[in-house]
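Notes for the one structure printed next.
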Amino acid sequence: MDPLVITKGRYTYAHDVKKGPPEAIDVHHIMVAGGFMFCTYALLFAITGFLILLLLLNITSVCQVLMPDKPVASVLWSFTLAGFTLRQLLRKQVEKESVVILPAFGVQLETTYKSGRTVHHFVPIGKILKPVLNECVTPVTCYWSLSLILRGEEELLLVFKELYPPVTMLVPIWKALCAAIDDKNALACIQIATLDDAL
Amino acid sequence: MSQQGKHRILMVSDFFYPNFGGVENHIYYLSQCLMKLGHKVVVMTHAYKNRSGVRYMTGGLKVYYVPWKPFLMQNTLPTFYGTLPIVRTILIRERISIVHGHQAFSTLCHEALMHARTMGYKVVFTDHSLYGFADVGSIHMNKVLQFTLADVSQAICVSHTSKENTVLRSGLPPERVFVIPNAVDTAMFKPAPERLSSHEIVIVVISRLVYRKGADLLVEVIPEVCRLHPNVRFIIGGDGPKRVRLEEMREKHSLQDRVDMLGAVPHAKVQSILITGHIFLNSSLTEAFCIAILEAASCGLLTVSTRVGGVPEVLPDDMIVLAEPDPSDMVLAITKAIHLLPQIDPQAMHDRMKKLYSWHDVAKRTEIVYDRALNCPNQNLVERLPRYLSCGAWAGKLFCVVMIIDFLFWRLLQLWQPDRDVEVVPHINLTSPQSGEEMWDSCAADERCR
């Protein structure tokens with residue numbers, strides 16, 4: 001099947017169907033682009049400015065905390081601090097979030113960061129009661145989000161934890177999740193029916 | 001925006017369900033009747049404890065409980081420009097054509113109306129209460145009202161007395177103020193199925209026990225009436241700071257068997273309390289309109305009330321006995337009411353009320369106001385500023401500065417998040433058995449067409 005691709009603003013949606021036993025596996029990706037490059041350069045600029053400021057403070061010996069008698073050490077220390085801050089910020093940058101629907105088995109939620117790290121979260125199909133499209137209201141805005149109602153849990157599970165994709169991209173994923181849950185429910189009903197017949 | 005003259009209305013107020021009160025009920029019933037007429041209504045209010053986000057009420061009435069914490073007497077913290085982003089988002093995503101604000105005491109209402117005017121929407125304001133002119137609180141409130149009403153498309157008041165009060169406080173030209181009284185849900189407030197026996201007269205009082213509602217008058221009136229008429233009993237429903245005074249009065253005159261204090265009565269139980277009585281006593285010191293006496297009349301009770309504010313305009317003369325807000329005058333009025341009781345037929349009273357007051361009538365009249373508001377000309381910022389200048393020597397200039405800053409913030413917000421990036425909500429028909437997937441398919445089709 002040809003992969004379906006929709007692009008809107010910073011977000012790109014791609015739909016893949018992989019062949020795999022026992023049935024086809026549905027994969028939906030939401031990728032974020034563009035914002036990162038600007039952030040890097042702005043960040044580098046900010047960090048350079050921060051370092052220059054620190055150096056100036058060291059030279060004028062105003063700041064006691066930064067060991068004015070050891071300028072080399074304090075410069076190295078400020079570089080380390082800047083590097084650490086940059087690394088923390090980069091770790092948070094999301095490249096892609098995916099939803100892998102394994103029919104009759106479960107749903108895998110994956111978050112891939114720019115640093116290459118991937119976080120997986122698997123939800124067994126029996127635990128999902130229903131996928132819902134929710135309107136979330138914050139003090140400054142209102143947006144759509146896709147969540148799963150889980151059996152036995154009070155809180156909804158967000159499918160896309162870091163990204164806020166537009167609702168046109170959420171709808172096909174929601175429909176695919178609904179179809180997978182309905183198939184599983186139908187299968188369960190047939191199994192119960194055959195069990196009753198056998199008894 | 002509007003098809004075949006149907007509007008998309010945003011009701012804004014700090015006062016809405018789960019609170020019960022005059023303003024809250026007014027917004028709810030008006031919204032339901034407007035939806036029956038084919039308009040789309042969305043309500044915006046602040047969050048109540050953990051009730052936050054989007055909720056749907058009967059008939060598909062969508063309510064936005066915006067998570068701004070209330071800070072004083074149910075009002076949202078006034079930040080002037082803090083609510084601009086969320087108001088703009090709601091107006092665009094719901095494709096609103098008219099914004100209708102309720103109650104002069106609601107800060108969220110004033111802010112939302114200001115932002116709606118900045119963004120070019122037509123605005124209607126309804127005032128539900130009477131306010132004074134002399135104390136510090138009233139003076140500031142009136143200035144804020146003057147600011148909001150300087151540029152409102154149309155205004156509505158609930159009685160002619162209220163219209164006079166609003167026009168004097170705000171300087172609004174009287175031609176732009178409509179009078180549309182409140183109404184009562186006569187289907188809910190029905191008289192008792194059997195007539196009560198008349199050997200013991202029961203007088204019912206249901207109100208918040210606060211100074212404004214005349215609780216102090218009750219403290220004087222009740223012992224006197226009990227002394228003059230041995231067959232009279234009182235039922236007092238409601239709670240408040242003055243409850244202690246009433247309890248003391250009961251103790252002092254040993255009226256425990258003749259005065260029942262019920263405490264706070266939930267709105268759903270009000271009718272069952274009213275039908276146990278013959279007479280309804282209202283001792284308010286000020287009222288723009290009084291829905292409580294409408295509810296009482298709909299249940300077939302004869303009303304005795306103080307002649308204040310808009311109360312004389314509410315009921316026909318044969319359903320109400322009026323008195324000055326003075327204990328001796330009220331005692332005389334109650335005596336007169338007791339003598340009039342044999343002539344009262346509760347069912348006939350209820351049938352008359354059904355014809356006199358109905359929320360459908362209020363909705364039709366409000367629709368006319370909306371049509372008039374939409375016909376007002378569109379004006380840009382420069383044309384609107386002179387209206388604010390006339391509010392006062394210093395206040396006028398201050399208001400102009402506030403509006404200019406609001407306009408600049410709006411433009412900045414448009415640069416950061418353009419209007420087309422705000423996703424429009426598809427039309428969800430909650431009353432028809434349409435599956436969720438079909439609804440989103442039709443919404444996607446709409447989007448492609450646009």
Side-chain angles (χ1 to χ4, degrees), chain A residues 4 6-13 15 26 28 30 32-35 38-39 42 128-149 154-156 158 160 163-183 185-186, chain B residues 10 42-47 50-56 62-69 76-77 79 81-94 108 111 115 409 413 416-418 420-426 428 435-448 450:
Chain A
L4 170 67
I6 307 173
T7 307
K8 196 169 177 188
R10 287 174 52 206
Y11 294 98
T12 307
Y13 164 69
H15 178 210
D26 238 355
H28 306 263
I30 301 247
V32 120
F38 174 80
C39 281
I128 303 176
L129 187 57
K130 208 166 170 61
V132 286
L133 280 168
N134 250 348
E135 287 178 275
C136 304
V137 183
T138 68
V140 290
T141 188
C142 182
Y143 58 92
W144 288 95
S145 74
L146 178 59
S147 317
L148 300 171
I149 304 181
E154 267 190 23
E155 302 241 340
L156 298 174
L158 277 173
F160 295 106
L163 299 179
Y164 301 101
V167 72
T168 40
M169 296 182 190
L170 291 176
V171 170
I173 306 174
W174 172 71
K175 282 192 187 161
L177 282 167
C178 284
I181 310 291
D182 287 337
D183 279 344
N185 283 340
Chain B
L10 177 71
V42 176
V43 179
M44 177 177 157
T45 181
H46 68 74
N50 59 355
R51 181 181 280 263
S52 165
V54 172
R55 295 277 196 279
Y56 287 89
K62 186 168 181 181
V63 186
Y64 281 86
Y65 289 98
V66 178
W68 282 81
K69 280 259 155 29
T76 326
L77 182 72
T79 52
Y81 307 111
T83 43
L84 176 60
I86 184 70
V87 168
R88 172 174 172 255
T89 307
I90 293 176
L91 287 174
I92 297 175
R93 73 199 310 267
E94 301 286 346
L108 187 64
E111 287 192 17
H115 300 315
F409 267 129
L413 212 55
W416 186 28
Q417 187 191 31
R420 63 173 185 279
D421 281 353
V422 179
E423 294 165 325
V424 168
V425 172
I428 301 175
S435 92
E437 305 197 1
E438 288 165 14
M439 175 205 81
W440 282 107
D441 284 333
S442 59
C443 135
D446 281 336
E447 268 238 3
R448 271 180 251 123
R450 230 179 292 131

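Atoms considered below: every heavy atom in the structure, side chains included; atoms not considered: hydrogens, waters and symmetry mates.
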- Note on the structure: Whatever's closer than 4.5 Å to a heavy atom in chain B on A:Cys136 counts as neither
- Item | Residue B:Lys69 versus chain A: region with a heavy atom under 4.5 Å | neither
- Query: For the residue pair A:Pro165 and A:Leu170, what are the closest heavy atoms and their distance?
  - Reply: CG-CD2, 3.9 Å
- Item | Between CZ on residue B:Phe409 and CG on residue B:Leu84, distance to nearest 0.5 Å | 8.5 Å
- Under a 4.5 Å heavy-atom cut-off, does chain A meet the side chain of B:Arg88, its backbone, both or neither? neither
- Query: Which pair of heavy atoms, one from A:Cys142 and one from B:Thr89, lies closest together, and at what distance?
  - Reply: N-CG2, 3.8 Å
- Give me the one residue out of B:His46, B:Arg55, B:Glu94 that meets side chain to side chain contact (heavy atoms under 4.5 Å, CB included) with B:Tyr64. B:Glu94
- Item | Which atoms of A:Val140 approach chain B - backbone, side chain, both or neither, heavy atom under 4.5 Å | both
